[in-house]
Structure formats: structure tokens, C-alpha cells
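Naming convention: chains lettered A, B, ... in sequence-line order (proteins, then strands); numbering from 1 in each chain. Because the structure is predicted, anything quoted here is derived from the model rather than measured. Below, each value reflects all heavy atoms present in this structure, side chains not excepted, and no hydrogens, waters or symmetry copies.
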2 protein chains.
Amino acid sequence: MKHPLKQHIEEIIKLTDEEFEFILSHFETTTKRKYQYILQENEIADKEYWIVKGCLKSYFFDESGKEHILQFGMENWWITDYESFIKQSKSKINIDCIEDCELLYITYENREKLTKEMHKMERFWAKKSKFGRIALQNRILSLLKNSSKERYEFLLEQYPKLFQRVPKKLIASYLGVSRETLSRLNS
Amino acid sequence: MKHPLKQHIEEIIKLTDEEFEFILSHFETTTKRKYQYILQENEIADKEYWIVKGCLKSYFFDESGKEHILQFGMENWWITDYESFIKQSKSKINIDCIEDCELLYITYENREKLTKEMHKMERFWAKKSKFGRIALQNRILSLLKNSSKERYEFLLEQYPKLFQRVPKKLIASYLGVSRETLSRLNS
DNA sequence: AATAATTTGTGACAAATGTCACACGTTAAA
DNA sequence: TTTAACGTGTGACATTTGTCACAAATTATT
């Protein structure tokens, strides 16, 4: 059976088995329990994770101590604090596990190395960065244009699985509304 | 005197004069008057613009016909509909001039060509894409975390020039509040 | 200079959303 | 099994924000 990461990369760039083995040799495996973090505020994100199994959240706190969710992560998604990872600067966010997780990760150094060693991966990451940027642009469009009810319905439509896996108060936090408001959106 | 675009690119990657001339040969110059558009909804963004002089806005309309500003553009900034440009798909947004503008642009084809011909430019655009993504991530963080007053003050601090150049109702639209609300933020 | 269009501020009110409080059911831990 | 912690819904009320209306000031046009 094809390795799920190979399948994922091949959505963008075709690889020989040897090439994939070479790529994979730059990654490590780890498992984490529910509630364990993989990144905490003020640390430098020195790893980018690829989620084999499980569910995570990246989030931060405002001055009043309220939690805001920036991103969820599920199977076949990448997760890290992108800003901290790219700039190797202190992270403003936390990432931790909502479920027990099985993760692959690549360190910053290995990613730099792999980018230089293998032009295909430079192109892969460039494309991933472009699409990530487009996704963020669309999220901003949606935050400006759509009501919370529309954003809720859109998320439900796009990621129905998410609603069976994570508590609604986290969904509310992702959408930028209070949990009470989210709870009343159905009526 | 050094060409301002050379100066701009050299913030990321050093260039010889020959290299820069080669890059510049892939660009064209154009001027536009206030109110003229450079991209309209449903067109495909086939050019990326670099602003030599002037001020532009990229924006879209919601169902009720309200205008929302996605981005402003000023001297030394790039502007296009990034999603449409990258995917060569129909644009959801409009871009037009708030002032008379002097613009450089590169077509999609030329950018692809230049990326392949010159590895430095592949790296330049990859980096630009990364930093663009980081900026968008921070805008989302701010939309989730900060009140409209805080977002206003932050924008004022970051781009004081903007407030002398564009009407406040456009600022309001960028911030995601009504112009009346923005007007009352000072009190 | 006169006129029109645009920008901006403000009052009055409605609508949306947040906050606090509480109840109840589910899940996790002792 | 019992207890505690968590998740969820809902009422009451405060706060924020939007909408509509209008007037004054500024800018553009003839």
C-alpha cells in the first residue's frame, strides 16, 4: 500500500519510490496523547508536523484570557506555527492535541536541507505556501463578508467530520463568536 | 540612482545589474487614472502589478451590495488577485485606482518563464509568498482577537500615510466595520 | 463663482452579539 | 459507584454595532 504521505505529496508532484524514501528519511515519527502540546507560546517552532491520525488545534489567548482558535488539524494536514517556523521567531500560539495523535514531523534544518537537495521539494513547498495563502485570503474574505451563521454553515458543509470530533465551544472560538451565540444559531 | 524595483527585490535577494536588467525585461509599464480598474470580477488576473506610484484598493461586494476591502496597495507593494493569478481562475474581486497610478506589471506567462529561467527569482517569489501568508495569518489573528478600535489604532500606527490618502469609509470597510462605527471610535 | 458630489459626524433606534447565571446531561476520574 | 469536571442549551440583560436620516464641511466639476 502506498504511504499516505507519498499520496499526499503526489497530489502536487509525482515521485519515484526512491525519491519518496529519501524524503521520508528526513522525517521522524511521534505519538502524542490528548491534551499534550506540540508547541507552546514563546517557544520557537522548530518542527512542521504532518498528521497521520488524530486532531489538533492551534490557538492563542487575548488579554482577557479568552482562547481563539486559529486552525484545526486533522489527518493529512500540516500543522505548525507558520510564522514562527519560517522566521524561526518566538511563537505567539499554542498547538495541542484534541485526540490521541500519530504524527510525522520534519525539523526546520531538515526542511532547509531537503529544499536545497531536491528541487521537487522546493516546488512542493512553494506550491503548498501559495495554496495556504489562498486559503487564508478566503478566510479573511469570509470573516469580512459572511455573518457568523453563514460562516458556521459553510464550515459544517466543508468539514462535517469536525463537528463529531471537537466540542462546539472550539468551533465557536474558530468562527470568532461566543459559544452561546453559536448555540443559538440553529434556532 | 538604483531602480526602486531592484532595491525592493534586493531586500530579499542580491542581484547584479545584468540580472536586474534581465528581470526588468519581463515587465511592462503602464499608467492608470483615478477610478480606472486593473482587474474586474470574473476576469482572470493575468498580471501581477508592482506599484511605482499611487494607491489602489482590491475589494468585492457581498449579496447586499456592500463593498469590502481586502487590501490596499501603495508604493513598492505588489497587487493582484492572488488566488486568480496563481490558479488562473476567475477572480472574485475588483482592483482599481484610488489615485492616478504608475505601475509595473509582469504577466503570468512571463513570471512562470522567469521562475524557470532564474532560480533566484523562484526563491524571491517563494519568500514573498511565505511572508504574504504570514501577514494574512496575522490579519486573521487580529480579526479574531482585537476589537474594531484596536484594529483601527493598529492600522493607524502601521500605515499613518494611508489615512491622509484614502477616505475613512474605505478604512472602515477594510477593518470590517460600518463607517459610522469607525467615525465614533475616536470618542 | 456657483453648483454638484463626496466625505464625515451624529442622533435615534433596531439588530446582533456578549456576558452572566443556571440547569441538565454526558464524560472522566477517584 | 460516586463524585467531579466538562459540554451544552437557554433566559435575562448589557454592550456593541449596524442602519437610516440628516446636516455640515470638504472637494470636484462646470
Within residues 156-168 of chain A: residues closer than 4.0 Å to DNA chain D (heavy atoms):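 Nucleic-acid contacts, sorted: A:Pro167, A:Lys168.
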Between atom [atom1] in [X] and atom [atom2] in [N], what is the gap in whole Å?
X        : N      : atom1 : atom2 : value
B:Arg33  : D:dA28 : CZ    : P     : 15 Å
B:Ile171 : C:dT7  : CD1   : P     : 13 Å
B:Lys169 : D:dT26 : NZ    : C1'   : 14 Å

Within the distance-only criterion (no hydrogens, no angle test), does the side chain of B:Asp100 pair as donor or acceptor with the backbone N or O of B:Lys34 below 3.5 angstrom?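 Checking the backbone N and O of B:Lys34 against the side chain of B:Asp100, a donor-acceptor pair under 3.5 Å is found.
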Would you confirm whether A:Ser91, through its side chain, and A:Ser84, through its main-chain N or O, come within 3.5 Å as a donor-acceptor pair?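 Answer holds: no.
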Could you write nucleotides 11-26 of chain C as a row of B, S and -, 5' to 3', where a protein heavy atom under 4.0 Å of any base atom gives B, of only sugar-phosphate atoms gives S, and otherwise -? BB----SSBBB-----
Using the test ring-ring contact (aromatic ring centres under 6.0 Å, His included), find all partners of A:Phe61 that sit at least two apart in sequence or belong to another chain.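 A:Tyr59.
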Which residues in residues 93-103 of chain A have at least one heavy atom lying under 4.0 Å from any atom of DNA chain C?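 Close to the strand, none.
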Hey, is CZ on A:Phe154 packed in by over 12 heavy atoms from elsewhere, all under 6.0 Å?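 Counting neighbours around CZ of A:Phe154, 12 or fewer heavy atoms of other residues, nucleotides or ligands fall under 6.0 Å, so no.
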NZ of B:Lys127 to CD1 of A:Ile86: how many Å apart, nearest 0.5 Å?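 These two atoms lie 9.0 Å from each other.
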Kindly assign one of parallel, tilted or perpendicular to the pair A:Trp125 and A:Trp78, based on the angle between their ring planes and the thresholds 30° and 60°.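 Taking A:Trp78 first and then A:Trp125, their aromatic rings stand perpendicular (interplane angle over 60°).
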Do the rings of A:Tyr159 and A:Trp77 sit parallel, tilted or perpendicular, given the 30° and 60° boundaries?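 Geometry flag for A:Trp77 against A:Tyr159: perpendicular rings.
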Should A:Arg165 and A:Glu75 count as an ion pair when the cut-off is N to O under 4.0 Å?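 Counted as a salt bridge, because a side-chain N and a carboxylate O are separated by less than 4.0 Å.
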Which residues share a side chain to side chain contact (heavy atoms under 4.5 Å, CB included) with B:Cys97, sequence neighbours left out: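 Listed in chain order: B:Lys32, B:Leu56, B:Cys101.
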Scan the side chains in residues 134-144 of chain B for donor-acceptor partners under 3.5 Å anywhere in the protein, sequence neighbours excluded, and list what turns up.
residue: B:Gln137; atom: NE2; partner: A:Asp81; partner atom: OD1; Å: 3.2
residue: B:Asn138; atom: OD1; partner: A:Lys92; partner atom: NZ; Å: 2.8
residue: B:Asn138; atom: ND2; partner: A:Glu83; partner atom: OE1; Å: 3.2
residue: B:Asn138; atom: ND2; partner: B:Ile134; partner atom: O; Å: 3.4
residue: B:Arg139; atom: NH1; partner: B:Leu70; partner atom: O; Å: 2.5
residue: B:Arg139; atom: NH2; partner: B:Tyr174; partner atom: O; Å: 3.3
residue: B:Ser142; atom: OG; partner: B:Asn146; partner atom: OD1; Å: 3.2

